[in-house]
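Numbered from 1 within each chain, the chains take letters A, B, ... in sequence-line order.
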Number of protein chains: 2
Amino acid sequence: MRNPNPLEFTTDLAVAVGDYYEYSMAHANQQEKIAGRQAIFDLVVRRMPANKVVGEFEREGVKYDERVKRDFLINAGLEQIAAYFLEARGNTELKTYLQEAQGITDPEFLDWVEQLRFTGDVYGMPEGTIFFAQEHQLRVHERFEEAQVFESVILNTINPQTNVASTANDIAEVTNKIILEGGSRRAGSPQSALFNSRAARIGGFTASSNVAFGMEYQEKVGGTHGHSYVMLHPDEYSAFKAQTNTLRDKVCFLLDTYNLQKAFETALSIVEEENLEHCAFRIDSGNLLQQAHWIHQQMKDRGYGRERYTLIASDDLTAGKIARLEREEADIDKYLLGTFVVNPPKPVEGVYKLAAFYDDKEELILRGKLSESREKSTLPGIKQVYRITGTDGFYKRDVIAFEGEDISKYLNEGDTAEGLLVPIIIKGEQVYDFPTIAEISERRKEQLAKLRDATQYKVIVSEGVQQAQDMIREDYGFATRTIFS
Amino acid sequence: MRNPNPLEFTTDLAVAVGDYYEYSMAHANQQEKIAGRQAIFDLVVRRMPANKVVGEFEREGVKYDERVKRDFLINAGLEQIAAYFLEARGNTELKTYLQEAQGITDPEFLDWVEQLRFTGDVYGMPEGTIFFAQEHQLRVHERFEEAQVFESVILNTINPQTNVASTANDIAEVTNKIILEGGSRRAGSPQSALFNSRAARIGGFTASSNVAFGMEYQEKVGGTHGHSYVMLHPDEYSAFKAQTNTLRDKVCFLLDTYNLQKAFETALSIVEEENLEHCAFRIDSGNLLQQAHWIHQQMKDRGYGRERYTLIASDDLTAGKIARLEREEADIDKYLLGTFVVNPPKPVEGVYKLAAFYDDKEELILRGKLSESREKSTLPGIKQVYRITGTDGFYKRDVIAFEGEDISKYLNEGDTAEGLLVPIIIKGEQVYDFPTIAEISERRKEQLAKLRDATQYKVIVSEGVQQAQDMIREDYGFATRTIFS
């Protein structure tokens, strides 16, 4: 009998999670004897995705999220990708697979697979950094083949965390209330649940319910009980009573297992019997606005002040729905979000592209992915993202320039420029001290405080980079439009 | 210096990936001395999600997927969840975390956490089964607390695979061409990449590009080269030439790195120089329909027959886009899909709910999650899903009934009934032999061949189950509507 396969994920697998073409290219380069050229790859979001939810609308019976293009993203996931770069190794299992299942016999290539490891340099934006389209979050310097095999794991580690952190930040922007992440059950895999909880905390969530995440980061997690707990008891009274015996003033009554109004009466009777000074109510389905107003009115009518209870709302909430609840004064103390924050409507489409390489004469050759549309292209060369701060302390603009290019013309008197990409790994060794999640979330807040109006914010491509891109465009015939535009 | 944390996922973590309330409930039950009651939980999709993409539309500058409600789903993920049930264990690390970070001191509870393991029964639909709303894919019999701690990992293991398998099946329904999965780079995490590749193969995809998935299942994977490969060479000619030297007639020219028409001319010149009998072209961006027609015309004008080349299309394809390419005779041989198949627009909202438990007198108590809307409710009791096949060999209807309930009234003369849920784990031991992925995909095909019209297909809730649900509704006041409907 075959044992079931859990599809676990460990760093041993990191070099193998990827597209076979990453290995084919390495093999082709070996055969052509051009393997080992030093290359520079950028991870970049070419254009902002339209995945910021601001409301919802219906069309022929199907509900859609009303969304707009993002103005900016919050980066996350650098810590995990650094761990893969540092720990991932080619191995005999991978070699044997390529040999047996793929029929590869070339001993030189098979040796390379077995010995594979990352020995290059990684520069990255510290997590919690605001960034814009065309700006690279990550820059990798390594032999072409070794840099290329990490492509998939870079993208599926950094993009999703960036997506969740940015979505969490949207929610933090529409409410000052406590925001709890409870999306483990709606994640795309157990590992995604860990990524999501981490990214939501970076993006401004207060806490998580995910125990494994709490263990990994020694963060406190929260949660009391679900519908199944109420249903295990003969009636709501016994369930609520048992919870109250254990939790006293910290009790949280989940009201919507059966009938919300009856549940509320039951909860109140226990509050009185037990002389509780405080309790919490959680509402989790139906019209949350109506329910919240009804509960507040009931409590007021019975002489309970607002300090006597906490109101928690969950159910598929979005930034749009929360904005409405806030606007219509639902007066909710805590929001618990699952589904939406861990499943934003569109992925963040960061791509990992060759920006330059040293040819056999050690000359630096610049490369950019071209497209008829400039925003679908990527910028060539070894670049830095400079953030310019004015004398008033606010960010003025970003400049994407070659590392070391003179950017003084983009600065006024008194402006300061900060290179956003910092060294993370040099020659395969860690040189960066990873901050705590709380520190990362703090960085995000500091950055937001210095950003005046994201819709008006300018990102300038330096003359040097622009000229290099234009030269490539001319060389490859992009000066004129083709029939496929 | 702190080492970066890769957020790996292993079965050791399986019991911890979940919401803290799963532990709080266990703790509360211990304190109330009702822990250890045998419970029955169902995993069920209460209503079909509107995530079947049939096209796209634009609204105020934002593109939306045109989608409809699903008629049915294809289940997947049973193998992985079985592995977690069999292998996951409570452990000292988890105990220490709950003790130190959460401040829990109760020794009885901490011992329970450390000793925790699954010793119950699991019944499930074999993977590749067609199923409908209200039908449970999985039924778990175990002590309430042990059954409850697996909730999150059940949902984030089975729901996403079911979503991807069902989406892959949509695509297989609109084309008979070869369909390749290449979504590793767009996955939500490295582990999700493994889940997705597996589920896409179950749902009807031909092959995957994901090397780690190939290793796990000893499946062959495919792929040749990407844009970076072309860009590493001085020009397309050298890149194409080097590829041809290695691959000969199996060469695949990626045409859209720079300018598609120029790339096509370059490729053709090499085909002629090298006297290739066959080559492949891959198009990956822009207007694929126009490009395909143009390539076919060019090849025809130059006297190349259709047998001389293969045309492969990629770029964010959906079932809707492929249907259009097929309708307008783009004559594409292979489709390579990433983004969309691994990121369907809405999650499958399977829920894991208490259906019954044995109370302290060993009496079976039935439970269902109620809601004002019947389709948001869950059905009580220990149930089986019976699929009725008529004398013509086609499926007639499904009946959700109590296990052992007399269902003869739902059958006509000659009809046969098959219980879809089979034993997977009994008393914590594996009793089911997991099929290969090819066998699972075959089961899907056999089932589809027997399903005449999914939109008309009837799922009947047996009188026994219906009466039990009605009794619960009456007991808890759902006979009349409330103000929050």
Side-chain angles (χ1 to χ4, degrees), chain A residues 1-2 4 6-11 13 16-17 19-21 24-25 28 31-32 50 62 64 79-80 82-83 97 152 155-156 160 184-185 187-195 209 211-212 215 221 223-225 228-229 231 242 246 258-259 286-287 343 347 354 367 370 433-434 476-477 484, chain B residues 1-2 4 6-11 13 16-17 19-21 24-25 28 31-32 50 62 64 79-80 82-83 97 152 155-156 160 184-185 187-195 209 211-212 215 221 223-225 228-229 231 242 246 258-259 286-287 343 347 354 367 370 433-434 476-477 484:
Chain A
M1 190 152 63
R2 194 167 76 80
L7 291 176
E8 293 182 353
F9 184 80
T10 64
T11 42
L13 262 180
V17 168
D19 291 336
Y20 182 65
Y21 83 166
S24 296
M25 288 189 262
Q31 294 202 330
E32 200 189 342
V62 178
Y64 296 87
E79 180 172 343
Q80 282 65 55
Y97 167 71
S152 300
L155 299 177
N156 64 32
S184 310
R185 283 169 287 164
S189 67
Q191 191 190 36
S192 286
L194 297 177
F195 277 12
S209 64
V211 178
M215 275 172 74
V221 296
T224 53
H225 69 99
S228 65
Y229 178 81
M231 296 199 285
T246 302
Y258 306 114
N259 175 306
N287 186 326
N343 290 298
L354 183 66
R367 285 289 183 260
L370 296 182
D433 198 12
F434 290 91
Y476 292 96
F484 305 123
Chain B
M1 192 153 62
R2 195 166 77 81
L7 291 176
E8 294 182 350
F9 186 81
T10 64
T11 42
L13 262 181
V17 168
D19 291 335
Y20 182 65
Y21 83 167
S24 296
M25 288 189 263
Q31 295 203 329
E32 200 190 342
V62 178
Y64 295 87
E79 180 171 343
Q80 282 66 54
Y97 168 70
S152 300
L155 299 178
N156 64 34
S184 311
R185 283 169 287 164
S189 67
Q191 191 191 36
S192 286
L194 297 176
F195 276 13
S209 64
V211 177
M215 276 171 74
V221 295
T224 52
H225 70 99
S228 66
Y229 179 81
M231 295 199 285
T246 302
Y258 306 114
N259 176 303
N287 186 324
N343 290 299
L354 183 67
R367 286 288 183 260
L370 297 182
D433 198 10
F434 289 90
Y476 291 95
F484 305 124

Inset, instruction - Check whether Tyr20(A) gets within reach of chain B through its side chain, its backbone, both or neither, counting any heavy atom under 4.5 Å. - result: both
Inset, instruction - Using only heavy-atom distances, determine whether the side chains of Thr11(A) and Glu8(B) contain a donor-acceptor pair under 3.5 Å. - result: yes
Inset, instruction - Write down the atom of Gly188(A), the atom of Phe195(B), and the distance for their closest heavy-atom approach. - result: O-CD2, 3.6 Å
Inset, instruction - Working to the nearest 0.5 Å, report the span between OG1 of Thr10(A) and CZ of Phe9(B). - result: 12.0 Å
Inset, instruction - Return the option, out of Ala83(A), Ala50(A), Ser209(A), with the maximum number of heavy-atom pairs under 4.5 Å with chain B. - result: Ser209(A)
Inset, instruction - Check whether any side-chain heavy atom of Pro6(B) lies under 4.5 Å from a side-chain heavy atom of Gln80(A), and answer yes or no. - result: no
Inset, instruction - Measure Glu79(B) against the heavy atoms of chain A and call it side chain, backbone, both or neither at under 4.5 Å. - result: both
Inset, instruction - Mind ranking Thr246(B), Asn343(B), Val211(B), Val62(B) by heavy-atom pairs under 4.5 Å with chain A and telling me who comes out on top? - result: Val211(B)
Legend entry - Test item: Gln191(A) side-chain N/O and Leu7(B) main-chain N/O as donor-acceptor pair under 3.5 Å: yes
Inset, instruction - Could you tell me whether the side chain of Ser24(B) and the main chain of Gly223(A) form a donor-acceptor pair under 3.5 Å? - result: yes
Inset, instruction - Check whether Tyr21(B) gets within reach of chain A through its side chain, its backbone, both or neither, counting any heavy atom under 4.5 Å. - result: both
Legend entry - Between Ala212(A), Pro160(A), Pro4(A), the one whose heavy-atom pairs under 4.5 Å with chain B are most numerous: Pro4(A)
Legend entry - chain A interface, residue from Asp19(B), Leu13(B), Leu194(B), Val17(B) that has the most non-hydrogen pairs under 4.5 Å: Asp19(B)
Inset, instruction - Locate the shortest heavy-atom distance separating Asn156(B) from Ala187(A); write the atom from each residue and the value. - result: CB-O, 3.2 Å
Inset, instruction - Check each atom of Pro190(B) against the heavy atoms of chain A and say whether the ones under 4.5 Å are side chain, backbone, both or neither. - result: both
Inset, instruction - Can you tell which part of Ser192(A) gets under 4.5 Å to a heavy atom of chain B, answering side chain, backbone, both or neither? - result: both
Legend entry - Top contributor to chain A interface from Ser184(B), Ala28(B), Ala82(B) [non-hydrogen pairs under 4.5 Å]: Ser184(B)
Legend entry - Part of Ser228(B) within contact of chain A (heavy atom distance under 4.5 Å): both
